[in-house]
2 protein chains.
Amino acid sequence: MSGWEAIRAEVLSRIRRRDWPPGALIPNEEALAQEFGVARATVNRALSELARAGVLERRRKAGTRVTALPVRKATLDIPVIRAEVEARSQRHAHRLLARARQPLPPALAARLGAPAGADYLFLQTLHLADGRPHVLETRWLNPAVLPDPAPDFATLSINEWLVAHVGFATGDIAFSAEPASVEDAAALGCAAGAALFITERTTFTDVAPITFVRLAHAPGYRLQTLL
Amino acid sequence: MSGWEAIRAEVLSRIRRRDWPPGALIPNEEALAQEFGVARATVNRALSELARAGVLERRRKAGTRVTALPVRKATLDIPVIRAEVEARSQRHAHRLLARARQPLPPALAARLGAPAGADYLFLQTLHLADGRPHVLETRWLNPAVLPDPAPDFATLSINEWLVAHVGFATGDIAFSAEPASVEDAAALGCAAGAALFITERTTFTDVAPITFVRLAHAPGYRLQTLL
DNA sequence: GAGTGGTCTAGACCACCTC
DNA sequence: AGGTGGTCTAGACCACTCT
């Protein structure tokens with residue numbers, strides 16, 4: 001191994017070995033470049049990666065420190081549901097349970113930054129994995145992003161239509177646990193009150209809100225990632 | 001704005017505008033460098049960031065494509081519990097409920113890559129926020145990583161001792177929803193069967209397993225992040 | 001074999017921040 | 001005011017992988 005990855009490994013090793021304990025200032029880029037016999041840019045690359053991982057804290061003039069109370073950063077992959085199901089070699093299908101124009105509930109209007117009571121498209125979709133209920137998707141969609149006539153979401157999943165036609169957007173995502181409502185339970189085929197893993201996402205373009213979606217995952221769902 | 005961030009923004013804009021639709025091959029680095037009047041390294045930096053975000057897919061010789069079915073990547077911060085509580089201006093405290101040497105349950109031994117029935121330290125800690133139950137932490141700890149004599153975890157939280165003395169490690173993390181067990185309910189002061197948000201982590205150093213920890217969060221907990 | 005991205009270098013300038 | 005990291009350049013070599 002050589003190059004910036006080798007330097008990252010060596011620095012990490014010195015941190016683990018407590019040569020550079022938590023909170024300590026480490027030598028500056030030029031000194032390390034000399035020590036390792038590489039260009040400063042190579043050291044910069046290695047240290048920047050460690051800073052991104054939360055292991056180091058870097059500030060101009062102040063130098064580079066080992067993070068005292070490291071905030072571990074985990075990267076989650078949020079796949080399209082169909083891709084997630086098919087990655088487990090299961091067959092994916094979806095059924096459109098509801099589709100209606102509805103005024104946006106006030107709480108959601110606030111989260112999306114939309115006018116209260118705005119006319120939104122309400123969609124409820126049940127995703128199936130190998131024919132069994134997998135995820136109940138409840139979505140409010142800004143009709144302004146839709147073409148006229150609107151696509152038939154009975155055949156093409158909404159989410160896939162969005163990623164293909166609206167493109168990349170910003171937003172936020174939240175995870176929680178909720179007891180299954182009567183509606184959740186009916187759709188997912190579980191008992192009311194069962195512990196469900198809930199994902200909630202809001203997405204925006206630069207100019208307008210796009211959608212709010214709540215995913216209620218069938219019992220047993222796990223979201224997993226490497227640290 | 002100028003530099004690599006400007007180029008990233010312009011490329012992203014062309015993708016959103018569908019000048020470069022999903023799946024399309026975009027010009028190579030040298031062509032873009034000429035067009036924007038910058039060095040190839042600057043284009044490389046911009047495109048690498050977009051690839052890291054999952055917007056582009058890059059392969060030598062094959063070139064750079066707009067991701068067809070983008071896998072959104074969300075970065076989660078996993079703070080030390082005390083820091084998380086204090087960040088909300090609440091007072092943190094913890095009580096050590098149990099501490100015992102116990103053989104590692106077979107299921108956990110497999111996950112940690114430890115010999116079945118290995119002698120581990122079992123610790124159960126209740127974290128309080130403003131005096132109210134916040135998280136029930138259930139942990140198995142490899143005694144080999146502890147000094148002799150072992151620290152008194154009644155005063156210093158285990159997790160903080162670990163981050164300060166064992167240092168950075170690899171591992172994995174999983175999130176799920178579970179009904180509260182009788183034990184969970186008693187500790188957290190909620191009803192048995194209530195929907196709890198569960199975090200499970202396993203961590204290793206290069207050479208040995210360190211710990212498995214299960215965090216049962218009190219009802220209402222949300223894990224949130226930006227996309 | 002050849003085209004593409006990944007990385008490295010040596011030097012430079014600059015933004016930022018602590019002192 | 002001056003030290004530090006952040007970025008850019010122009011050029012080079014290399015690793016990978018598609019054809």
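The analysis underlying the following values was restricted to heavy atoms, covering all of them including side chains, and did not include hydrogens, waters or symmetry mates. Numbered from 1 within each chain, the chains take letters A, B, ... in sequence-line order.
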TODO: In whole angstrom, give the distance that lies between atom CZ of A:Arg8 and atom P of C:dT7.
DONE: 10 Å

Open item on the list: If you count heavy atoms of other groups shown closer than 6.0 angstrom to CD of A:Glu86, is the number above 12?
Closed with: yes

Open item on the list: Over 60° means perpendicular and under 30° means parallel, so tell me whether B:Trp140 and B:Phe212 are parallel, tilted or perpendicular.
Closed with: tilted

Task: B:Arg58 side-chain proximity, nearest of D:dG5, C:dG5, D:dT9 - done: C:dG5

Open item on the list: Can you tell me which nucleotide in C:dA12, D:dC8, D:dT9 comes closest to the side chain of B:Trp4?
Closed with: D:dC8

Open item on the list: Without decimals, in angstroms, what is the distance between A:Glu29 CD and D:dC8 P?
Closed with: 15 Å

Task: Residue mapping more 5' on DNA chain D - nearest nucleotide basis, A:Lys61 or A:Ser48 - done: A:Lys61

- [ ] For A:Ala62 and for B:Thr64, locate the closest nucleotide of DNA chain C by heavy-atom distance; then report the residue assigned to the nucleotide nearer the 5' terminus.
- [x] B:Thr64

Open item on the list: Would you call the rings of A:Phe197 and B:Phe197 parallel, tilted or perpendicular, taking 30° and 60° as the class edges?
Closed with: parallel

TODO: Using atom CG of A:Leu25 as one end and atom P of D:dG3 as the other, report the distance to the nearest whole Å.
DONE: 15 Å

- [ ] Establish, with yes or no, whether the OP1 or OP2 oxygen of D:dT7 is under 4.0 angstrom from a side-chain nitrogen or oxygen of B:Thr42.
- [x] no

TODO: Check every atom of C:dG3, D:dT9, C:dT9 against the side chain of B:Arg60 and return the nucleotide holding the closest atom.
DONE: C:dG3

- [ ] Determine the contact category for A:Arg45: base if any of its heavy atoms lies under 4.0 Å from a base atom, sugar-phosphate if only primed atoms, P, OP1 or OP2 are that close, otherwise nothing.
- [x] sugar-phosphate

Open item on the list: If you go through the side-chain atoms of B:Arg59, does one of them form a donor-acceptor pair with the base of C:dG6 closer than 3.5 Å?
Closed with: no

Open item on the list: Quick check: do B:Ile7 and B:Leu32 have side-chain heavy atoms less than 4.5 Å from each other?
Closed with: no

Open item on the list: What is the distance, to the nearest angstrom, from the CD atom on B:Glu30 to the P atom on C:dG5?
Closed with: 10 Å

Task: B:Asn28 CG - C:dA2 P separation (whole Å) - done: 17 Å

Task: Neighbour count >12 (heavy atoms, 6.0 Å) for atom CZ, B:Arg59 - done: no

Task: Nucleotide nearest B:Ala41 (side chain, heavy atoms from C-beta), chosen from D:dT4, C:dG3, D:dT9 - done: D:dT9

Task: Separation of atom CG in A:Leu56 from atom C1' in D:dG6, rounded to whole Å - done: 15 Å

TODO: Ignoring backbone atoms, establish whether B:Asn44 has a side-chain N or O less than 4.0 Å from OP1 or OP2 of C:dG5.
DONE: no

TODO: Grab the CD1-P distance between A:Ile7 and C:dT9 for me, whole Å please.
DONE: 8 Å

TODO: Can you tell me the distance, in whole Å, between the CZ atom of B:Arg40 and the P atom of D:dC14?
DONE: 14 Å

